[in-house]
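Heads up, the thing below is written out as structure tokens.
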Amino acid sequence: MSVKVAATHVMGSIEPRKVYCNTLIEMAKEDGRVCVLDADLMGAAGTKPFQAAFPERTFDCGVQEANMIGVAGGLSSRGFIPFAHTFGIFAARRACDQIFLAGAYAKQNIKVVGSDPGITAGLNGGTHMPFEDLGILTTIPGITVVEPCDAVAVGKVTRLAKETYGTWYMRLVRKEAAAVYEEDTDDFEVGKANLLRDGTDVTIIAMGYMVAEALKAADMLEEMGISARVLDMWCLKPLDEAAVIAAAKETGAIVTAENHSIKNGLGGAVASCLALNRPTAVEMVGVQDEFGEVAKTPALAGRFKLTAEEIVAKTQKVLVRKAHKHTWATLSNDLAKAINELRTYTDDVFTF
Amino acid sequence: MNVKEVKLFANDIRRETIKCIGHLGVGHIGGALSIVDVLAVLYSGVMNIDPADPKKDDRDFLVCSKGHAGPAVYSTLALKGYFPMEMLLTLNQLGTNLPSHCDMNRTPGIDMTTGSLGQGSSTAMGIACGNRLKGYDNYTYLILGDGEIDEGQVWEAALFANAKKLSHVIAFIDYNKLQLDDFVANVCPLDSIPAKFESFGWYAQDIDGHDVEAIAKAIDNAKAQGEKPSVIVLNTIKGKGYHKIENSASNHNMNISAEQVEEALADIAAERAAIEAE
């Protein structure tokens, strides 16, 4: 597939949740199986227009996430396709057992949507800030775990969720997301990372909020003479292992970037894949085994180092390690020299 | 309903339940035996089902939320012809289609996967919502354990059922007064279960859970009221039918020796003779 990347990565003009709701409405018009469930957060999810259009297929359960996921499992067993939303923290932490049993274990077709990923929980603070949801849910066998990074991606992934049988967990950024994709970009494929930008020295594998930061970082690196590939790993599970391994082979250094704990999210998954298939220098940008805290999202991005600048810093670090591995005898301690040197090596030299 | 036939069917289910758990030598005997009579009633013409077509779309549904009572349900289904009787002896052995807790993807006739207590209450509500969306007037039956209703999810589902006016849900509480660790009264007393459900907007009845006529009448009452979700509290005996273990706090998940199997089967055979002599 070819991906059309937006020219600039300013905040999109449409709220992702609006695209989410519009997509649900379109799908419900086409398909009588599409239902919407919520746990008293329809206002937050922006799905009240769906309720107005399809009241009989809307189940606002009240503040009861566990029951909501169970009801979704029951609806699925009768052939319906329920999209059940709550905040990501409640989905993953509170309804994990229900997603496991009433969803994945029972082989149901439920789409769990968890909003406010990571620092986008902003002013709701640490209690509401999921840095662990991906880790909790990717451990469930057979589940599909995704994070569309902008409004365009939300529309595409929501539709893909409906069209692909199985239990899904989709992180949903509700209000603001920097534009990454053009409207007419190709459709996404489950388990396939999107190549946003090719490069030869390093690959930045990013998810969600960090995808736009990765693209900005790639621009900054280019200024420094470093060619960075950027992958949008919007589908964390199943992981596009082929893309990860190819990135390791072709660029020899990996930086992961996620709005989540590095322990059990994208960083962990990529490192595990590489350890088993192609040991490669990896650095991780993400949350370092910490709880969230309250502030506006941009302030939190600085606090947790979820920035393009941090990606650049980690890229420099990983390139030193890459160079170190292959130029052990001659390596200078000078960072700039090391980065410069490694550019003279061919791919073959970097092959393990 | 032919009362004598239903009683004999219940006796058959008890026998097969003991035989299949006894074959393995360990299992959830107490809570399986206590729900046998409601199963016998449901599968004696109350439920609209077709063993030859287990997935018939407009059938009535049963969610056995106390999934550990699976062996009693499996025995019922085998006796109804959903699968061969010999299959019962595969219970809990590697690769079996009869796992300890109910699994809709493995066992013909099982409508929902259960095993984490409380969850069946919600999946049953989802089934009922789905059936209503499809325009059916079929019923969804739900069996909950008494210890199980300690789970908050049960009460979430109870609120939900009232909010959505799920009048075609009929829940049974297997009130055998024992949970895994001890008597319910010593662990987490339930006091009046009907009053609790009534306050949640349900239509509640409280009956002898081993009286098949009372069970059938209560189901008729539940259907006749037609407006609210229904709960029927079945006052039962954990381990009912195997006299030596009845009401024993240790019968939740117990070992059973070949001699004990013979003892239990003798009790069940004696009960059968008594039913036949009625």
Side-chain angles (χ1 to χ4, degrees), chain A residues 28 31-40 51 54-84 86 90 94-112 140-142 165-167, chain B residues 54-63 65 67 99 101-107 110-136 138 140 142 144 151-166 168-169 200:
Chain A
D31 190 334
R33 298 175 299 164
V34 174
C35 301
V36 164
L37 289 77
D38 211 306
D40 199 31
Q51 185 175 37
F54 299 99
E56 75 289 352
R57 280 194 265 159
T58 303
F59 300 89
D60 195 346
C61 301
V63 190
Q64 39 173 246
E65 297 79 15
N67 181 57
M68 173 178 74
I69 300 299
V71 170
L75 282 164
S76 163
S77 79
R78 301 303 294 123
F80 293 92
I81 307 175
F83 283 75
T86 180
F90 301 133
R94 194 150 198 155
C96 177
D97 187 36
Q98 288 71 25
I99 295 171
F100 180 102
L101 185 63
Y105 189 92
K107 298 183 167 60
Q108 301 294 2
N109 189 25
I110 69 173
K111 314 304 170 184
V112 181
I140 296 175
Y165 190 94
T167 292
Chain B
K55 300 282 186 194
K56 188 171 73 144
D57 203 54
D58 64 349
R59 69 190 184 277
D60 287 336
F61 286 71
L62 174 68
V63 177
S65 190
H101 298 78
C102 297
D103 188 330
M104 62 184 286
N105 293 303
R106 288 187 175 272
T107 314
I110 292 293
D111 290 323
M112 184 47 69
T113 299
T114 55
S116 178
L117 293 176
Q119 287 210 28
S121 50
S122 302
T123 48
M125 300 318 157
I127 289 170
C129 290
N131 286 333
R132 187 161 68 185
L133 278 175
K134 285 173 174 249
Y136 298 150
N138 54 357
T140 303
L142 166 65
L144 294 160
E151 288 281 2
Q153 187 174 351
V154 173
W155 301 100
E156 291 184 5
L159 283 171
F160 177 86
N162 177 49
K164 305 303 176 195
K165 306 203 182 319
L166 297 178
H168 282 46
V169 167
F200 277 66

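In this text, all values refer to a predicted model and were calculated from it rather than measured experimentally. Note on naming: letters A, B, ... go to the chains in the order of the sequence lines (proteins, then strands), and numbering restarts at 1 for each one.
Between chain A and the options B/Arg132, B/Arg106, B/Lys134, B/Lys164, heavy-atom pairs under 4.5 Å are most frequent for B/Lys134. Of the listed residues (B/Asn131, B/Thr123, B/Thr113), the one with the most heavy-atom contacts under 4.5 Å to chain A is B/Thr123.
Other residues, nucleotides and ligands contribute at most 12 non-hydrogen atoms within 6.0 Å of the NZ atom of A/Lys107.
In this structure, the portion of A/Glu65 lying under 4.5 Å from any heavy atom of chain B is its backbone and not its side chain. In this structure, the portions of B/Ala157 lying under 4.5 Å from any heavy atom of chain A include both its backbone and its side chain. Looking at B/Thr140, there are no atoms closer than 4.5 Å to chain A (heavy atoms on both sides), in backbone or side chain.
The two residues A/Ile81 and A/Asn109 make their nearest non-hydrogen contact at CG1-ND2, 3.6 Å. When all heavy atoms of A/Leu101 and B/Gly115 are compared, the pair lying nearest together is CD2-N, 3.9 Å.
Ring planes of A/Phe100 and A/Tyr105: parallel class, angle under 30° (limits at 30 and 60°).
Interatomic distance, NE2 of B/His101 versus OG of B/Ser116, reported as 9.0 Å (0.5 Å rounding).
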